[in-house]
Amino acid sequence: MARQFAAPPEEPDTTDKWEAQMRKGCLEMAVLASLWRGRLYGLEILRVLERDSNLVLAEGTIYPILNRLRTEGLVQSEWVEAQAGHPRKYYHLTAAGRERATQMAKTWTQFSAGLGCLIEPVVRKEEVEQPL
Amino acid sequence: MTSDSQISDYLAQLRKSLSRMTISEREDIVEEIHMHIRERLSGPQIGVDSVLAGLGSADELAQQYRAGLLVQRAQKSSSPLLILRAALRWATTGVEGFLVFCIALTGYAMGVGFLLLALMKPFFPANTGLWVGPDQFNFNFRMGATMTNPSPPVHEVLGWWLIPVCLVIGSLSLALTTKLLQFLMRRFRWKVPIRGAAPARPVMMTL
């Protein structure tokens, strides 16, 4: 009876690290894209990201990102008195922010289309001829 | 401890951790976080502990603000001190950051070393120079050796030309290191600053 060798199990945190890096790399584009349709405040942006893209951020992460985007001139902010009984700080894209979002979306689309072709057999789990 | 005092303590700690920012910047941030907490608490049953835990500790939150702004300022600044601080912060995030910090440290140490040699030459003319000999080619400061009576076969070759040569090489080292680091920080900006998306919930991104 032939012995079967199991592949060593992959370290569990390797995939997590890769995924965290990938998501971190997409954050700026995701936040800019969430503001494409109009102004939102921080908590709304978190909800939009979760609802529309399943991208769940630690709540404390979004505000430093927005602050950085604001100082880069990609978004602008304004305090607005809300019916909730307290003011909210709304963010909207500037012209530079819209341009950056457009560029990023274009790059992302090209990149994902190319990679999609490459990984299609992996997703389908196509059988491959095993070497003897 | 009541909810209000927990929130007050959190905001006070955040304010303290952001003390290097301007007052208007700091108060704007604190106010936004305060409103976030109020908004979350006005939602369906959630405790103040959960809301504050979602934000992370005040120190961690402040660190994210500082890190983002530090790197951003460093990208535009030509101050070696600021760039070195940003590189040091980057160094804590992984191997790439550590390598960048090593480049920064080497480049700036070299630049400062050459400038120091140029400054020392007028005060210690006999001990400062470019020393050449068998298997030797060193810019440095030597105790004991003199230009008039060098220890053969090693001897000093530049004389007073050492000053302009060291000034040029030192300035070039500082300028090139600064430009290189600014480029690296722009190129790998997404790797530098922040705590990432919450890793707890696996997400399949659509490709």
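Being a predicted model, the structure only gives us computed values, none of them experimental.
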Should [X] and [Y] count as side-chain neighbours, where that means a heavy-atom distance under 4.5 Å?
{"X": "A:Y63", "Y": "B:I33", "result": "yes"}
{"X": "A:W79", "Y": "B:E32", "result": "yes"}
{"X": "B:M35", "Y": "A:R88", "result": "no"}
{"X": "B:D28", "Y": "A:K89", "result": "yes"}

Subject >> Nearest-0.5 Å distance that lies between atom OG1 in A:T61 and atom CD in B:Q64 >> reply: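 Going from the OG1 atom of A:T61 to the CD atom of B:Q64 covers 5.0 Å.
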Original post:
Which value, rounded to the nearest 0.5 Å, describes the distance between B:M21 atom CE and A:N67 atom CG?
Top reply: 6.0 Å
Original post:
Who are the side-chain hydrogen bond (donor to acceptor under 3.5 Å, both in side chains) partners of B:E31, not counting sequence neighbours?
Top reply: none
Subject >> Residue pairs, two or more places apart or on separate chains, that pass side chain to side chain donor-acceptor pair (under 3.5 Å) and touch residues 98-107 of chain B >> reply: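 Not a single pair qualifies under side chain to side chain donor-acceptor pair (under 3.5 Å).
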Original post:
At a heavy-atom separation under 4.5 Å, does A:L46 approach chain B through its side chain, its backbone, both, or neither?
Top reply: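 Only the side chain of A:L46 comes within 4.5 Å of chain B.
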Subject >> Nearest atoms (heavy-atom pairs only) where B:V51 meets A:E59 >> reply: O-OE1, 4.5 Å
Original post:
What closest approach, in Å, do B:L61 and A:G60 show between heavy atoms, and which atom pair accounts for it?
Top reply: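 Heavy atoms of B:L61 and A:G60 come nearest at CD1-O, 3.1 Å.
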